[in-house]
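Inspection log for the structure reproduced underneath, given as structure tokens.
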Amino acid sequence: MATEIEQRWRAAVPGAVLLDGFHALKHAVRFGADVRVVVAADRKAALAMAEELSGDITDRLDALITEVPEETLGRLVPRVHPTGIAALAGLPASDAVRAAFDRTPRPAPVVVLENPRNLGNVGAVIRLAAGFGVTGVATTGTMDPWHANVVRGSAGLHFATAVARFDPDELPAGPVHVLDPHGEDLRAVHVPDDAVLVFGSERHGLSPAMRARAVRRFAVPMQPGVSSFNLATTVAMALFRWSQERL
């Protein structure tokens with residue numbers, strides 16, 4: 001028979017995403033997520049971690065965390081995180097997310113990942129986007145950018161920016177800049193605040209249709225013989241180039 005906390009957890013699942021571990025929970029709370037339920041195998045240890053790493057939200061975590069036996073935690077999640085913490089948070093309202101992408105004028109670029117394949121890479125890009133303060137990350141294709149493994153890769157920083165899946169024909173407005181190995185040297189490219197920065201998958205690159213939409217193509221310089229950088233690394237370099245002109 002399910003315990004009360006297990007019943008609460010299951011009731012909170014619809015329309016929610018798993019926050020796997022302390023850091024995902026920390027950022028979700030800090031950036032105003034609708035955190036519905038939090039469980040920890042060791043409540044005292046979880047709060048000590050919060051006091052050490054995120055004293056600004058310790059009181060809020062104190063009110064949220066319920067201690068459960070480790071076996072109960074193991075029934076709630078596919079794999080128990082090393083920090084022994086898991087939570088569920090409601091997804092942001094879709095109209096609010098789209099409104100963030102549609103702001104005019106837009107103060108920072110949008111990052112678009114065309115048909116990405118790797119959940120962890122998408123999470124790393126979202127973490128970067130939040131750190132640079134860009135408008136948001138849009139994906140195309142079948143991957144769910146709010147998949148629990150993507151949220152784990154972003155350390156919960158989905159809640160610090162806008163994240164949504166778009167139809168390729170309905171991307172946010174703005175001048176499309178694409179990563180292309182035959183493009184201009186990134187170091188000489190001006191990246192405007194309202195740019196839509198599009199990156200293809202590491203294996204397949206950009207589709208011809210997306211490349212045809214570009215008003216500018218840029219390339220990241222690399223040593224001969226090196227075939228590519230990691231997707232998140234490439235996004236980081238492009239965002240750093242944009243940020244240089246804002247100093």
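Index from 1, following the sequence.
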Open item on the list: Before we go on, tell me: are the rings of Phe240 and Phe132 under 6.0 Å apart, centre to centre?
Closed with: no

Open item on the list: Would you say the rings of Trp146 and Phe159 are close, in the sense that their centroids are separated by under 6.0 Å?
Closed with: yes

Under 3.5 Å, is there a donor-acceptor pair between the side chain of [X] and the main chain of [Y]?
{"X": "Thr140", "Y": "Asn115", "result": "yes"}
{"X": "Thr234", "Y": "Asn230", "result": "yes"}
{"X": "Arg30", "Y": "Ala160", "result": "no"}
{"X": "Arg241", "Y": "Val189", "result": "yes"}
{"X": "Glu67", "Y": "Arg43", "result": "yes"}
{"X": "Arg36", "Y": "Ala12", "result": "yes"}
{"X": "Ser54", "Y": "Asp56", "result": "no"}
{"X": "Thr161", "Y": "His158", "result": "no"}
{"X": "Thr139", "Y": "Val137", "result": "no"}

TODO: Only counting residues at least two apart or in another chain, list the ones meeting salt bridge (charged side-chain N to carboxylate O under 4.0 Å, His left out) with Asp59.
DONE: none

Open item on the list: Checking side-chain polar atoms at under 3.5 Å, does Glu114 have a donor or acceptor matched by the opposite partner on Ser207?
Closed with: yes

When rounded to the nearest 0.5 angstrom, what distance separates [atom1] in [X] from [atom2] in [Y]?
{"X": "Thr58", "Y": "Glu52", "atom1": "OG1", "atom2": "CD", "value": "10.5 Å"}
{"X": "Thr3", "Y": "Arg8", "atom1": "OG1", "atom2": "CZ", "value": "10.0 Å"}
{"X": "Asp144", "Y": "Leu119", "atom1": "CG", "atom2": "CG", "value": "9.0 Å"}
{"X": "Leu186", "Y": "Met237", "atom1": "CG", "atom2": "CE", "value": "8.0 Å"}

TODO: Sorted by first residue and then second, give each side chain to side chain donor-acceptor pair (under 3.5 Å) pair with at least one member in residues 164-182; sequence neighbours left out.
DONE: Asp180-Arg211

Using distance only, find each side-chain donor-acceptor pair of residues 16-29 under 3.5 Å and give its atom names and separation, not counting sequence neighbours.
unit_1: Asp20; atom_1: OD2; unit_2: Arg152; atom_2: NE; d: 3.3
unit_1: His23; atom_1: ND1; unit_2: Lys26; atom_2: NZ; d: 3.3
unit_1: His27; atom_1: ND1; unit_2: His23; atom_2: O; d: 3.3
unit_1: His27; atom_1: ND1; unit_2: Ala155; atom_2: O; d: 2.7

Task: Test salt bridge (charged side-chain N to carboxylate O under 4.0 Å, His left out) applied to Lys44 and Asp42, step by step - done: CA-CA 6 Å; Lys44 183 177 179 181; Asp42 186 333; over 6 Å; no

